[in-house]
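Take a look at the structure below.
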Amino acid sequence: MEETLGFWAFSNTIIIPRLMEGMWITLKLTVMSGMIGFILGMFIALMRISRFSPLRWIAVSYITLFRGTPLLLQILFIYFAVPTLVNITLDSFPAGILALSLNCAAYLAEIFRAGILSIPKGQTEASMALGLNYHQTMFKIIIPQTYRRIIPPVVNEFSALTKDTSLVSVISLAELLYVTQRIGAKYLRPWETYVWAAVGYLIIVLLLSYVAARLEKTLLAKGGV
Amino acid sequence: MDEIILKVNSLEKSFGKNVVLNKISTEIKKGEVVVVIGPSGSGKSTFLRCLNYLEIPTGGEIYFRNDRVGFGKKEKELDLQRSKIGMVFQSFNLFPHLSVLQNLTIAPLSVLKVTNEEAEDRAKDYLKKVGLLEKINAYPRELSGGQQQRVAIARALSMQPEVMLFDEATSALDPELVGEVLKVMKDLAVSGMTMIVVTHEMSFAKEVADRVIFMDGGVIVEEGIPGEIFSAPKEKRTSDFLGRL
C-alpha cells in the first residue's frame with residue numbers, strides 16, 4: 001500500500017510528524033550546546049589572553065585538542081570511551097550536548113579573542129589611565145564593544161553547529177538526520193526523506209540567522225559599536 | 001606652594017636597542033603648567049606615558065607625591081595612582097559604546113565607588129566647564145572631533161585628578177577645531193590645575209606655560225620660562241627647531 005502513496009501523501013503522513021520530533025531534538029541540541037559553548041568559549045578566550053602563562057597554556061592546549069581532532073571522534077570518545085575510564089555513563093543526549101559544547105567552545109573562544117584584539121589599544125589605555133582595573137576594563141569597556149562585530153562569525157559558528165548536530169546520530173540520538181534516515185531505510189524511499197532532512201536543517205539555520213539579524217539591528221540602534 | 005607633585009629621576013626607556021628616553025630628570029610643582037615641545041620621535045609622548053605607567057620605564061624612578069609610580073606595586077595601588085593622574089590622548093579614546101554621561105560616570109562609579117547621584121552631578125559640572133552640557137545624552141560618534149576631545153578632558157577631570165597629562169591633544173583635530181580645545185585647556189590652567197602638556201601649539205606654550213621643556217633625542221635639551229626659550233634659547237638645537245616652525 002505504501003509504495004502507492006504520492007510524494008505529498010507520504011510526506012504528510014509518514015515523514016513530517018517524525019521530522020518535527022527530530023527537528024525539536026536538533027534545535028534543543030543546537031541551542032543548549034551553543035549556550036554552554038558560548039559561556040565556556042568566553043572563559044577560554046579570557047584565559048588565552050591572560051597574563052598568566054599557565055592559563056594561556058591550558059587554553060591553547062584546549063583549542064588545539066578540540067580543533068585538531070574530528071568532532072565525530074570526540075562524540076564517540078565521550079559516549080563510548082569515557083564510561084570505561086571513569087565510572088560515569090552518559091545517555092546519548094547529555095553525551096551529545098557535552099561533545100558539541102566542548103567542541104564549539106574551542107571555535108567560539110578564537111572568535112571572542114579576535115573580537116577583543118580588534119578593539120583599538122587606545123581603549124584599554126584610556127580605561128587604565130582612569131584607574132579601572134583589568135577586569136573592569138575587560139568587562140565594562142572592551143567586551144561590550146565586541147558584541148556587534150562578533151555576531152557574523154558567531155552566527156557562522158552556530159550554523160556549523162546546527163549541521164554538526166547530525167553527527168550525534170552515530171550514538172543513536174533521535175535527532176533530525178537519524179529519524180529521517182530511519183524512515184528512508186524502512187520505506188525504501190531515500191530521496192523524499194533526505195530532501196525533508198535538508199529542509200529541516202535549512203529552517204533551523206534560517207531561524208537562527210533571523211534572530212541574529214534582529215539582534216544586530218537592536219545593538220546598532222543602541223549606540224551601535 | 002612649592003609642593004612637588006611629580007618627581008622624575010633619571011628616567012630611561014628603551015624599546016630593544018632603541019633608546020627613547022635617556023636619563024630624564026625633572027620636577028613638577030603643584031599648579032605648574034609645563035609644556036613639552038620637540039620634534040617627532042624626541043620621546044615627549046613616551047615621557048608622558050611613563051608618568052602614569054602606561055609605558056613601563058626601563059630605568060630611573062618616578063615619584064607621585066613621594067610615592068614611587070608603578071614599579072613593584074600591587075595592581076590595586078597602581079590603579080589608585082592612575083586614578084589621580086588624568087590623561088588626555090591624541091585620539092580622544094572616548095568609549096564609543098557609552099553615552100557622554102556614561103563616559104564621565106564609569107570611572108567614578110567603578111573606581112571611586114561614588115553614588116550614582118554624585119557621579120552624575122560631577123559629570124554635569126565638568127560638562128558645563130567644557131561647554132557641552134547639552135550633549136550629555138549623545139554618543140561619541142555624534143560629536144565633532146573638538147567636542148569629543150572636550151568630553152575626553154571632562155572625563156579625565158571627573159576623577160578629580162591632581163595632575164593632568166595632555167598627549168598632543170589637538171594634533172588629530174581639524175585646524176578650526178583646535179581653538180575650542182585649547183580654550184578649555186587654558187581655562188583649566190587658569191583654574192590652577194597642574195598640567196603637563198605635550199604639544200606642537202607654540203602659541204599655547206607661549207601664552208599658558210609656566211615652564212617649557214624642549215626635548216630631542218630622548219633628553220631634555222633645555223628648559224625654562226617661555227620668554228627665555230622662545231626669544232633667547234641657549235642651545236643651538238633649540239633655536240634650530242624653533243626657527244623651522
**Complete:** So, the part of B/Ile85 with a heavy atom under 4.5 Å from chain A: the answer is backbone
**Item:** Under 4.5 Å from any heavy atom of chain A - which part of B/Ser110
**Value:** both
**Item:** Enclosure of A/Tyr210 OH (heavy-atom neighbours >12, cutoff 6.0 Å)
**Value:** no
**Request:** Hey, could you give me the CG/CE distance between A/Leu132 and B/Met159, rounded to the nearest 0.5 Å?
**Result:** 7.5 Å
**Asked** Do you know which two heavy atoms are closest between B/Pro96 and A/Gln123, and how far apart they sit?
**Response** CD-OE1, 3.4 Å
**Message:** Main chain of A/Gly122, side chain of B/Asn93: is a donor-acceptor contact present, judged purely on distance under 3.5 Å?
**Reply:** yes
**Request:** Tell me, for B/Leu112 versus chain A, whether the close heavy atoms (under 4.5 Å) come from the side chain, the backbone, both or neither.
**Result:** neither
**Request:** Examine whether an atom of A/Ser127 lies under 4.5 Å from a heavy atom of chain B, and if so say whether it belongs to the side chain, the backbone or both; otherwise answer neither.
**Result:** both
**Asked** Is there side-chain contact between B/Arg49 and A/Glu125, with heavy atoms separated by less than 4.5 Å?
**Response** yes
**Message:** Please give me the minimum heavy-atom distance between B/Ala107 and A/Leu130, naming the atom from each residue.
**Reply:** CB-CB, 3.8 Å
**Asked** More than 12 non-hydrogen atoms from neighbouring residues, nucleotides or ligands closer than 6.0 Å to CG on B/Asn18, yes or no?
**Response** yes
**Item:** OH/B/Tyr63: more than 12 non-hydrogen atoms of other groups inside 6.0 Å
**Value:** yes
**Asked** Nearest 0.5 Å, what's the NZ-CG distance between A/Lys140 and B/Leu98?
**Response** 10.5 Å
**Asked** Around atom CD of B/Glu134, are there more than 12 heavy atoms of other residues, nucleotides or ligands at under 6.0 Å?
**Response** yes
**Prompt:** Could you walk me through whether A/Ile142 and B/Phe95 pass the side chain to side chain contact (heavy atoms under 4.5 Å, CB included) check?
**Reply:** CA-CA 9 Å; A/Ile142 304 300; B/Phe95 305 131; over 6 Å; no
**Request:** Work out which heavy atom in A/Met128 is nearest to a heavy atom in B/Arg82; give both atom names and the distance.
**Result:** O-CD, 3.2 Å
**Asked** What distance do B/Ile106 atom CD1 and A/Ile141 atom CD1 have between them, rounded to the nearest 0.5 Å?
**Response** 4.0 Å
**Message:** Any side-chain to backbone donor/acceptor pair from B/Glu75 onto A/Asn133? Under 3.5 Å, distance only.
**Reply:** no
